[in-house]
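The block underneath contains the structure these notes are about, expressed in structure tokens.
We use all heavy atoms of the structure for the numbers below, so side chains are in, but hydrogens, waters and symmetry mates are not.
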Amino acid sequence: MYFKNDNGALIARLNGETLRIEAWGQDSLRVRSTMLPEFAAQDWALTEEVAAQNPLVEITEEDHWVGDGTIDKRPIASITNGRIKAVVNFSGVITYYRDGEKFLREYYRFYDGTLSRESRCLKIVGREWKGIIGGGEFSLNLKFESSDGEKIFGMGQYQQPYMDLKGCELELAQRNSQITVPFAVSSLGYGMLWNNPAVGQVTFGKNYTEWIARSTKQMDYWLTVADAPKQILANYTAVTGRAPMFPEDRMGLWQCKLRYRTQEEVLSVARQYQKEGIKIDQIVIDFFHWTVQGDWKFDKTYWPDPKAMVDELHAMGIKVIVSVWPSVDRKSENFGPMMERGLLIRTERGAAQTYDYQGDCVEIDPFNLETREYVWEVCKKNYYDFGIDAFWLDNSEPDYGVYDFENYRYQAGPALSCSNMYPQMYSRVFYDKMKDLGDGNVVNLLRCAWAGSQKYGNVVWSGDVPSTFEAFYDQLQAGLNMGLAGIPWWTTDIGGFMTDDVDDPDFRQLLIRWYEFAVYSAVLRMHGDRGPYNIPPLDNRDWGGGYLHTGQPNELWSYGEDNYRIMKKYYDIRISMHDYIRDLYKEASENGSPLIRTMFYEFPEDAKCWELQDQYMFGSEYLVAPIFALNQFERDVYLPAGKWVDERDGKEYEGGQTIHTDAPLDAMPVFKRVR
């Protein structure tokens, strides 16, 4: 093993691998290694300038007892940055310490002439590289020792009922409703960013933790330590970026459905809301308002004067957001030019097709700057210049017809090596240009994200999820973990996306329970695909804005008077919290705190709060206890230490106890913290 102090960075070389560990932000280290001659000039999620640190690098020797009982001198090196320290031994094994206490160590089971626990004949090393035959990349398998009793959170959004990810295996890949944001927060007081957009997986096992990148040129991860999750997240967002300040004029109700088919439908809904005395902040024009995918323009048959529509909506104080997909149909006027110029995703074999919903499509390659320029110019001309305020960047994973990542290639390289960054690059088609044009309030809606996406004006929603209480419960776990992964602007389709029968009373009960929850979340947004599909199409063409089906009405008044009364009541609650919500968005922009928070985020010293996943904090003041079962009208709620007031009746409770409370359909349990 060869060690070197390279201007404050620790360099280690062994068996063709170069390891580099350096200070990167407060109490944090960046760790890279490669089997190539040099490191790639790629920082991935670590985009922010960080203050200069004063790390201590030490290279010494220490005694080692070898198998014959003699003592040998072996090199050892360490780097310390504030409260975090990394020690690399003569075999290249890294151990990490927080304030002198070990919190993480690479898994190593290889006989090295010593009698240590790690000295085994299994021939397992912590960093295993395997060259990909015929390519310049490697597969990488990185293992760490597992710690009993550790809890792990964050990592983005996975459709499962587990908030604590210990014991879970997670695919590191983007899919509809699955979002890989590879930042983990540990109950042991550290956070780890897997700074690598390669497709792979992570297993937080009982016996070891394993990170796998299926195609990469280097290992790259970042570690930070702190006393509490709030400071861990502050350290993390300091190096990856923070969300900008959310505009106050979009903190209320967003109205959406699948799908408004004409500009008159949009205007009639907006006028009715105005008549009802309900202010909507934004109305969403969903997919297939266009001619064909990739034309990125309104079908003039049903949208004859978009500017006049936008002007009328603006006069009502309503912002307008339009759906844009990354798919380009072969029938699109843009397909030929984009294909010829190499602006679309390439397939490694077989036909040039990546997406097949309602057309034979290839999706754009946003890793290519020329692609980003091309798509923006089309969308600027056909949308932004009409006054459209924001873009709904749907299918932003992208939603492949088949998730065969090994069959796709971007300008940046094979999809296996970088596909997880696709949604972030797609968002920048619009964010970068809108910022350049002086739009200080860029807020676009996306179905996917990656580490650092929070800085690009992304509201991320949880995708096309079922309309079930089970899915509702899963969304809370997803949202809490998204927040811990640094994505504070997160939302869901109220009531879930897929509904067979809007008249089903069970669905309507679910809708109300979900709506109540959404009031106490970052974005209150009505959306969903509401069956039955008995509304005839507008025309007989097999293309354009008229042929595709539409869902049933999805406005607040669409579900009967009793439900309308409840939704109006909670709408008023949302509006009354405007100043509080504004302060939460401000906090997110200052230190990375999410709006919806795990109980332990606010009460890290309370062991019970690390176990709770059916209640949460909306900011630091409101404890929210949603209802996740049909016909459930009571539940237990744990109140941490302090005083709490039931928002429904003003009754005060002493914390440090579990209470049993009623939960009628029109009154979700919410308790306000008394300071």
Side-chain angles (χ1 to χ4, degrees), residues 157-164 168 176-179 256-258 461-483 490-532 551-552 554 556 558-560 562-567 569-570 573 596 598-599 611-618 622-638 648 658 660-671:
Q157 172 182 290
Y158 290 86
Q159 297 299 328
Q160 58 186 31
Y162 310 111
M163 185 174 71
D164 179 6
C168 292
N176 183 347
S177 78
Q178 174 178 293
I179 304 174
C256 186
K257 63 162 281 186
L258 186 134
W461 97 98
S462 64
D464 298 343
V465 301
S467 296
T468 65
F469 276 99
E470 292 82 1
F472 177 26
Y473 182 83
D474 293 352
Q475 299 326 294
L476 178 57
Q477 317 316 312
L480 293 173
N481 276 326
M482 280 286 278
W490 178 89
T491 186
T492 65
D493 293 345
I494 293 174
F497 179 69
M498 295 173 278
T499 312
D500 293 330
D501 184 3
V502 293
D503 296 320
D504 183 348
D506 292 353
F507 166 71
R508 293 191 171 193
Q509 187 180 137
L510 169 69
L511 179 77
I512 295 300
R513 294 302 196 188
W514 207 311
Y515 182 91
E516 292 168 345
F517 154 75
V519 164
Y520 293 89
S521 69
V523 175
L524 176 65
R525 172 174 158 270
M526 291 291 289
H527 185 57
D529 184 3
R530 307 290 177 237
Q552 300 293 326
N554 190 48
L556 298 191
S558 303
Y559 299 97
D562 289 343
N563 291 325
Y564 184 27
R565 175 184 57 81
I566 297 171
M567 287 194 280
K569 167 188 169 182
Y570 273 87
I573 291 173
I596 67 169
T598 62
M599 294 299 299
E611 304 290 338
L612 295 169
Q613 61 177 50
D614 64 349
Q615 62 183 68
Y616 67 97
M617 296 295 296
F618 184 50
Y622 293 96
L623 189 160
V624 185
I627 303 300
F628 295 109
L630 184 68
N631 296 327
Q632 179 182 337
F633 303 109
E634 57 187 0
R635 64 159 290 171
D636 289 339
V637 181
Y638 176 71
R648 301 167 298 177
T658 298
H660 191 76
T661 185
D662 291 338
L665 185 61
D666 66 346
M668 177 181 67
V670 177
F671 298 84

Are Ser177 and Phe497 packed together at the side-chain level, in the sense that at least one heavy-atom pair is separated by less than 4.5 angstrom?
no
Residue set satisfying side-chain hydrogen bond (donor to acceptor under 3.5 Å, both in side chains) with Glu634, at least two apart, ordered chain then number -> His660
Hits for ring pair (Phe, Tyr, Trp, His ring centres under 6.0 Å) against Phe633, two or more places apart or cross-chain, chain-then-number order -> none
For Met163 and Leu612: C-alpha separation, side-chain torsions, deciding distance, then whether side-chain contact (heavy atoms from CB on, under 4.5 Å) applies.
CA-CA 9 Å; Met163 185 174 71; Leu612 295 169; over 6 Å; no
Tell me yes or no: between the side chains of Asn631 and Gln509, is some donor less than 3.5 Å from an acceptor?
yes
Chi angles and distances behind the side chain to side chain donor-acceptor pair (under 3.5 Å) call for Trp514, Gln475:
CA-CA 10 Å; Trp514 207 311; Gln475 299 326 294; over 6 Å; no
Residue set satisfying ring pair (Phe, Tyr, Trp, His ring centres under 6.0 Å) with Trp461, at least two apart, ordered chain then number -> Trp392
Validation row: Leu623, Val637 side chains within 4.5 angstrom (heavy atoms):
yes
Criterion side chain to side chain donor-acceptor pair (under 3.5 Å) on Tyr559 and Asn554, from CA distance to verdict:
CA-CA 8 Å; Tyr559 299 97; Asn554 190 48; 2.6 Å; yes
Atom OG1 in Thr492, atom CG in Leu476: separation rounded to 0.5 Å?
10.0 Å
Quick one, Trp490 and Ser521 - any side-chain contact, counting heavy atoms below 4.5 Å?
no
Hits for ring pair (Phe, Tyr, Trp, His ring centres under 6.0 Å) against Phe671, two or more places apart or cross-chain, chain-then-number order -> Tyr653
What's the verdict on side-chain contact (heavy atoms from CB on, under 4.5 Å) for Gln615 and Arg635, showing C-alpha distance, side-chain angles and the deciding distance?
CA-CA 11 Å; Gln615 62 183 68; Arg635 64 159 290 171; 3.9 Å; yes
Do Arg648 and Thr661 come within less than 4.5 Å of each other through their side chains, counting heavy atoms only?
yes
Minimal heavy-atom distance between Met668 and Val624, with the atoms involved, is CE-CG1, 3.5 Å
Partners passing ring pair (Phe, Tyr, Trp, His ring centres under 6.0 Å) against Tyr622 (at least two apart in sequence or in another chain):
Tyr580
Rounded to the nearest 0.5 Å, what separation is found between the OH atom of Tyr158 and the CG atom of Asp474?
14.5 Å
Step by step, work out the side-chain contact (heavy atoms from CB on, under 4.5 Å) result for Leu630 and Leu510.
CA-CA 7 Å; Leu630 184 68; Leu510 169 69; over 6 Å; no
From CA spacing to verdict: side-chain contact (heavy atoms from CB on, under 4.5 Å), Ile566, Glu516:
CA-CA 9 Å; Ile566 297 171; Glu516 292 168 345; 3.9 Å; yes
Mind checking the CD-CD spacing from Gln178 to Gln160? Nearest 0.5 Å is all I need.
9.0 Å
d(Asn563 CG, Leu665 CG) to nearest 0.5 Å is 6.5 Å
Run Arg530 and Ser558 through side chain to side chain donor-acceptor pair (under 3.5 Å) and show every step you take.
CA-CA 11 Å; Arg530 307 290 177 237; Ser558 303; over 6 Å; no
Contact between Tyr515 and Leu524 at the side-chain level, heavy atoms closer than 4.5 Å - yes or no?
yes
Without swapping roles, check the side chain of Gln477 against the backbone of Gln613 for a donor-acceptor pair under 3.5 Å.
yes
Within the distance-only criterion (no hydrogens, no angle test), does the side chain of Ser467 pair as donor or acceptor with the backbone N or O of Gly495 below 3.5 angstrom?
yes
Looking only at atom types and distance, does a side-chain atom of Asp504 sit under 3.5 Å from a main-chain N or O of Asp506, one as donor and one as acceptor?
yes
Do Ile573 and Tyr520 make a side-chain contact, defined as non-hydrogen atoms from C-beta onward lying under 4.5 Å apart?
yes
Quick check: closest heavy atoms across Ala471 and Pro466, and the distance to 0.1 Å?
CB-O, 3.3 Å
N-O pairing of Arg508 and Asp562 below 4.0 Å
no
Is the centre of the Tyr616 ring less than 6.0 Å from the centre of the Phe517 ring?
yes
Aromatic ring pairing Phe628/Tyr473, orientation class (parallel under 30°, perpendicular over 60°, tilted between)
perpendicular
Backbone N/O of Gly479 and side chain of Gln157: donor-acceptor pair under 3.5 Å:
no
List for me each residue that meets side-chain hydrogen bond (donor to acceptor under 3.5 Å, both in side chains) alongside Asp500, sequence neighbours excluded, and say none if there are none.
none
What closest approach, in Å, do Asp503 and Asp501 show between heavy atoms, and which atom pair accounts for it?
N-OD1, 2.9 Å
Might you point out which heavy atoms bring Tyr564 and Leu556 nearest each other, and give the distance in Å?
CD1-O, 3.6 Å
